[in-house]
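In this chain, residues are counted from 1 in sequence order. Below, each value reflects all heavy atoms present in this structure, side chains not excepted, and no hydrogens, waters or symmetry copies. This one's a predicted model, so the numbers in the text were calculated from it and none came from an experiment.
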Amino acid sequence: MKITKTENGSSLCLSLEGRLDTNTAPELETVLKASVDGITELVIDMQSLDYLSSAGLRVLLSAQKTMNKQGSMKVMHVNDTIMEIFEVTGFVDILTIE
């Protein structure tokens with residue numbers, strides 16, 4: 001998986017490309033933990049994300065909990081396959097998806 005970080009003041013965008021699964025979830029978790037200090041708006045762009053596993057969902061949930069305390073988080077450009085995963089798992093009720 002490729003993670004592209006774009007920071008603009010207190011706003012951070014992480015663009016994900018490839019597969020967010022058991023092998024790559026720790027990488028995203030590390031990037032998030034190192035990057036969210038002082039961030040009030042987190043955007044996760046999933047335009048190029050092909051696959052999302054339960055390990056990836058866990059990282060997203062953790063990021064959402066962190067951002068609930070210090071600002072907002074939204075997930076953007078979700079394809080139909082990933083959206084179906086969000087719907088089946090109930091994540092549509094937890095995440096802000098645009």
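Between atom CE of residue M67 and atom CG of residue L95 there is a gap of 13.0 Å, rounded to the nearest 0.5 Å. For the atom pair N23 CG and S53 OG, the distance stands at 8.5 Å (nearest 0.5 Å). Once rounded to the nearest 0.5 Å, the distance linking CG of L52 with CG of L20 reads 5.0 Å. Atom CD of residue Q64 and atom OG of residue S72 lie 8.5 Å apart, to the nearest 0.5 angstrom. Put simply, CE on M46 and NE2 on H77 are 12.0 Å apart, with the number rounded to the nearest 0.5 Å. Interatomic distance, K65 NZ to N68 CG, rounded to the nearest 0.5 Å: 9.5 Å.
Between I44 and M73, the closest side-chain pair of non-hydrogen atoms falls below 4.5 Å. Side-chain contact between L32 and L42: present, with at least one pair of heavy atoms (C-beta onward) separated by less than 4.5 Å. You'll find the side chain of K5 reaches within 4.5 Å of the side chain of V31, heavy atoms only. Contact check for L12 versus E41: no side-chain heavy atoms found under the 4.5 Å cut-off. Put simply, the side chain of M83 reaches to within 4.5 Å of the side chain of I97, judged on heavy atoms. Using a 4.5 Å heavy-atom cutoff, the side chains of I3 and L28 are in contact. Two residues are said to be in side-chain contact when any heavy atoms from C-beta on lie closer than 4.5 Å; D45 and L16 fail this criterion. Using a 4.5 Å heavy-atom threshold, the side chains of T40 and Q70 count as separate.
With a 4.5 Å cut-off between side-chain heavy atoms of Ile, Leu, Val, Met, Phe, Trp and Tyr, the cluster of V43 takes in M76.
Here the side chain of D21 pairs a donor or acceptor atom with the backbone of T24 at under 3.5 angstrom. Between the side chain of N8 and the backbone N or O of S11, no donor-acceptor pair lies under 3.5 Å. Proximity of a side-chain donor or acceptor of N79 to a complementary backbone N or O of L49 within less than 3.5 Å is detected.
Residues meeting the side-chain contact (heavy atoms from CB on, under 4.5 Å) test with R58, sequence neighbours left out: E29.
Minimum heavy-atom separation, S10 to G38: CB-O, 3.6 Å.
Under the 4.5 Å side-chain heavy-atom criterion for grouping Ile, Leu, Val, Met, Phe, Trp and Tyr, L60 is not connected to Y51 through any hydrophobic cluster.
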- Step by step, would you call V78 with E98 a side-chain contact (heavy atoms from CB on, under 4.5 Å)? CA-CA 8 Å; V78 178; E98 292 183 4; over 6 Å; no
- Message: Apply side-chain contact (heavy atoms from CB on, under 4.5 Å) to residues F86 and I94 and explain how you reach the verdict.
- Response: CA-CA 9 Å; F86 285 155; I94 298 169; over 6 Å; no
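There is no side-chain donor-acceptor pair under 3.5 Å between S15 and T4.
Atom CD of E27 has more than 12 neighbouring heavy atoms from other residues, nucleotides or ligands inside a 6.0 Å radius.
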